[in-house]
Amino acid sequence: MNIIIVGCGKIGTTLLANLVAEGHDVTVIDNNPAVITEITNIYDVMAVCGNGADSEALEEAGVADTELVISATGSDELNMLSCFLAKRMGAQHTVARIRNPEYNERSINFMRKQLDISLAMNPELLAAHALYNILKLPSAAKIETFSMRNFEMIELRLKPDSLLDGMRIIDMRAKFKANFLICAVQRDEEAYIPDGNFVLKSGDKIGLTASPAEITKLLKELSILQKQARNIMILGGSRTAFYLAKKLGNAGISVTVIEKERAICEALSEALPKAVIINGDGAQQELLLEEGLHSIDAFVALTGIDEENILVSSFAQSHNVPKVIAKVNRDELIPLAEHWGLDCIVSPKKLIADILVQYARALENSAGSSMETLYKLMDDKVEALEFRVKDDFERLGIPFKQLETKPNTLVAGIMRDRKTIIPSGDDMLLAGDRVIVLAANQRINTLSDILKKG
Amino acid sequence: MNRKMVFYMLGNIIKLEAVLMAPAVVCSLIYRDNGLIPFLITIAVALILGFTLTLLNKPKDKTIFAREGFVIVALAWVALSAIGALPFVISGEIPSYTDAFFETVSGFTTTGASILKDVEAMSKGLLFWRSFTHWIGGMGVLVLMMAIVPNDSGRTIHIMRAEMPGPIVGKLVPRVKSTAKILYLIYIVMTAIQVILLLCGDMSLFDSLLHTFGTAGTGGFGTKADSVAGYSPYIQWVIVVFMFLFGINFNLYYLLLIRKAKAVFKSEELFVYISIVAVSIVAITIDIYPIYKDLSEAVRASAFQVVTIITTTGFATADFNLWPTLSKGILFLLMFSGACAGSTAGGLKVSRIILLFRHIRSNLKHMLHSRSVDTLRFEGKTVDNATATNVTAYFALYFLCFSAMFIILCIADPFDLETNITAVSACFNNVGPGFGQVGPASNFAEFSTLSKWTLSAGMLFGRLEILPMILLFAPTVWIKNKSFSRK
């Protein structure tokens, strides 16, 4: 598929890396020649130097034969304009990054319709959603909710004293009588889809699926259940922090926001009447302690500087704050932060990349595919996809133990008549089911892709 | 430096060479000549070497940077020539390895300079291989590899940049692989058309193929002692037209294909290229008219020689050694200019000359108005400072290499100044024939061994545009990068 990406900042570059890896033909437009040189040296893409809202640049990038145009520059208005132009010049779908909170949902929807923009993405809002989900269930490092909402996948990192250390997965089922499935394991740099004989070790990151009730039960048995955070401190008054504080406030959770800039503090206090806004430098340990670092349930570092987020988070962790989350945008810093013991890291640009990869895949097989959602887990090494089983699927009604599937793929969950089934060998796929499929180190486009060929 | 990846790619290239030798084997089989056994031995050697290299160097990390790109290209070309020379030596038709290496390098670099005293006595299979190396070397063997071998590394652009001639190498479409495929497709179609047109002129299939290979790669190896002089005017004109066409930037053909003809006509490089050719043809025609006394013959001789030299092909229909000094002078200068960037021709390339002149002009302007701010434009786009500086640096480096080779030749051989200087120019610019003792009617056989190796190196330097070859000798390039060996 031909894709044009306008603007190669953090988000644009992450998008293009993901989309190129997906096998799409990507052309980028950026007005900085140095960025263009850098990008073409690293990625197999074509680059056009120019303004994304300039019809000549768009034409040079071949907009007429493009299926998808993504405008991800720092300016909302430029993004909307270049999407509008691209659409008029023949692009089939357009995605604009629109993130200014002053454009509220109603006006964004209006503009989207008027300008014929297929999707408006707001990285900060998405990051806030993801953070909110984590704070609801603080035991997990990451949590994914699939479309039916009664099926969740959580990522856990096994602590050194974990009950699961050295345990085989088969034995685990016998010990904890919960209905769950360990569907992915990341150890060192490698990701696996484990079978029953797989032995877990402390330090592993595991992906676990079950219904929400079962997850709570299991976490209780593992004695790592933390209750939902009631008292949260947010460092930095960024847009993400604003969206998050608003969501938390609406849910009745008390929020403290620490921000350096007086003007931002004033704006925040105006917009968030319930929250406590502190004007001060969050990097000062004295200030954090004074504001009650010891009494909070969760600490979220959301400043624009990755290093500051990592350092202050680590300080909070050393003061035994139950849940610490750091926003880290630069890929190369994430492993470093994990090395420091921060297990919960949110990267807004990765969230966006996941959504657009999914969007592109859906466009690509819009003809026959039944793929509904796609998530990337375990540092993007594992994909979780949601499919609806159609009546022409060739292996309907065959129990899993007789179904030959490819290695490193797994059906992790089935939703049938509003009930969640964690599949065992005797379960089978029926038409109309929604299934969650996991695949490590490979690409799945349709449900039939998990079957062994021949 | 990612050595594993470098040697892995090298192994693949050597394997590819074994495959590319297959048509020559078929040719030897058809004519039942003594090329068959030498080819089979060489293919065996290449396969063993290739598989050894790839099996021993399975890279875990496929990341390559500009320096790996340069080194891969330089090593690949040396290895290709070293192995490609084997059939000549084993068959005994070119007994000295020095000569055989010279001949093969001359083939791959599309130079067309030969040490053969009697071309017509060679076996057909070997002649086929000799010309086929032109065709492979013209568009570039690494570009070919990128077109056919699946590669998931996004950084192969570095290899393409190192192999494709010209100051600015861009892609036609987002993927390097698709770009390489498109380039080869255009190349193959144009080759096929020329073969058909030559067949229509009553040339035998064998001769048509070999002359087309020589034209397409802008090489210049033929099958006759007098090059193309013995063929009909029709055939000579076909070759002139195609030499000219293969000297045009292939990107322009792609633009034509996707119906962007306007952009083609706007190309400054094409305009300058056509102007140089036209002016030279007219000037030489006037200059040599007294010798030929027939306008159509003078125009044909002039057009053929101008196009063959500017595209650095090296076919000949006349012994321009006997022409007046003005004509020889023009031809000598054309050797340096070369044709368009992104074509199969050698030399400095027209685009580089345009950039050089504009850079000089803006420098002069700066001397007059010391506060003037000037942007360098080319093909309607602003050229950044780095590119302009690169062009100037390339020019300086070019003459440095030229002088070094010239001095070596003067030390090693007793020939006159004209012979030595044009021998270096003919090899360095991948033209083929020079003046004096290396004119179109003679060859390079009389040079000493040292000179032949120097000229062989010169051809490689010229084809790869110096930098990759020079980097091969830079110690820093070879220092082990621990991050690659650890992974």
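Chain letters run A, B, ... following the sequence lines, proteins first and then strands; every chain starts at 1.
Around the NZ atom of A:Lys10, the shell of radius 6.0 Å holds no more than 12 heavy atoms that belong to other residues, nucleotides or ligands. Applying the 6.0 Å contact sphere to CG of B:Asn385 captures no more than 12 heavy atoms from other residues, nucleotides or ligands. Annotation: A:Glu332, atom CD; neighbour count of heavy atoms from other residues, nucleotides and ligands within 6.0 Å is above 12. Open room surrounds CD on A:Glu59; 12 or fewer heavy atoms of other groups in view lie less than 6.0 Å from it.
Here CD1 of A:Ile36 is found 11.5 Å from CG of B:Asp384. Values are rounded to the nearest 0.5 Å. The CG atom of A:Asn41 sits 5.0 Å away from atom CZ of B:Arg161, with the distance rounded to the nearest 0.5 Å.
The backbone N or O of B:Val176 sits less than 3.5 Å from a side-chain atom of A:Asp44, completing a donor-acceptor pair.
Of the listed residues (A:Ala21, A:Gly23, A:Ala61), the greatest number of heavy-atom pairs within a distance under 4.5 Å of chain B belongs to A:Gly23. Taking chain B as the reference chain and counting heavy-atom pairs below 4.5 Å, the highest number among A:Val28, A:Val20, A:Asn2 is found for A:Val20.
The contact between A:Val26 and chain B is made entirely by backbone atoms, counting heavy-atom distances below 4.5 Å. Contacts of B:Leu172 with chain A are made by backbone atoms alone, with heavy-atom separations under 4.5 Å and no side-chain atom involved.
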